[in-house]
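One structure below.
Remember, it's a predicted structure, so these values are computed and weren't measured experimentally.
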Amino acid sequence: MIKLEYFCYKNDKKYEVEMEVFRSLMNEQFRDAYLSMKGIETDVTLYFYEKDSYVFQHRKIVKNQIDSNGLNILPIVVLNGKIIKQGSLLTNEELEEIFEIGLDVQIDSQ
């Protein structure tokens, strides 16, 4: 099982591309395809402090970091119960390593 969680303060434009890639890993089609291809279940979740403050207060490792460092420590990335990154989201390369897949991102110009 791969359990990957993002704990973010808010939906920040600064991380727009990273959030969109992460959201694509949250959908049911990805979970089903990954389980079929790799035989591994995934649980990918995104929490926002403004909406999901209960979760932030009841996840001990996240709460401890916020209590010690303040909300500026967000975002926090938790993989299988351990914090693997603070202060920024995972890059595509880091996600590729975790899931052992390739990711392509197409950004439409405005």
Under the rule for side chain to side chain donor-acceptor pair (under 3.5 Å), what residues qualify as partners of [X], not counting sequence neighbours?
X   : answer
K10 : none
T45 : D43
E20 : none

Partner residues of E96 under the side-chain contact (heavy atoms from CB on, under 4.5 Å) criterion, sequence neighbours left out:
E93, L103
Who are the side-chain contact (heavy atoms from CB on, under 4.5 Å) partners of E28, not counting sequence neighbours?
R31, D32
Is it possible for you to say whether M37 and F99 belong to one hydrophobic cluster, with membership spreading through side-chain heavy-atom contacts below 4.5 Å?
yes
Tell me, which pairs form a side-chain hydrogen bond (donor to acceptor under 3.5 Å, both in side chains) where one or both residues lie in residues 58-69, sequence neighbours left out?
E5-R59, K63-D67, Q65-N69
Minimal non-hydrogen separation, [X] against [Y], with atom names:
X   : Y   : value
E18 : L89 : CB-CD1, 3.9 Å
V77 : S88 : CG2-O, 3.9 Å
L90 : I84 : CD2-CD1, 4.0 Å

Residue set satisfying salt bridge (Lys or Arg N to Asp or Glu O under 4.0 Å) with E97, at least two apart, ordered chain then number -> none
All salt bridge (Lys or Arg N to Asp or Glu O under 4.0 Å) counterparts of E100, not counting sequence neighbours:
K38
Quick check on Q29: does its CD atom have over 12 non-hydrogen neighbours (other residues, nucleotides or ligands) under 6.0 Å away?
no
Given L35 and I40, is the side chain to side chain contact (heavy atoms under 4.5 Å, CB included) satisfied, shown in steps?
CA-CA 5 Å; L35 179 61; I40 300 171; 5.7 Å; no
If a pair satisfies salt bridge (charged side-chain N to carboxylate O under 4.0 Å, His left out) and one of its residues is in residues 71-86, list it, with sequence neighbours excluded.
K85-E94
Does any part of the side chain of Y34, heavy atoms only, come nearer than 4.5 Å to the side chain of L25, both counted from C-beta?
no
pair L79-I2: side-chain heavy atoms closer than 4.5 Å:
yes
Go through the steps for T42 and L4 under the test side chain to side chain contact (heavy atoms under 4.5 Å, CB included), then give the verdict.
CA-CA 8 Å; T42 61; L4 184 61; over 6 Å; no
Shared-cluster residues of I61, by chain and number - hydrophobic side chains joined below 4.5 Å:
F7, Y9, Y47, Y49, V55, F56, V62, I66, L71, I73, L74, I76, V78, I83
If you apply the rule side chain to side chain contact (heavy atoms under 4.5 Å, CB included), what do you find for L46 with D52, and how did you get there?
CA-CA 9 Å; L46 174 61; D52 308 302; over 6 Å; no
For residues Y6 and F48, establish whether the separation of their ring centroids is below 6.0 Å.
no
Any chance you could measure M19, atom CE, to K13, atom NZ, to the nearest 0.5 Å?
11.5 Å
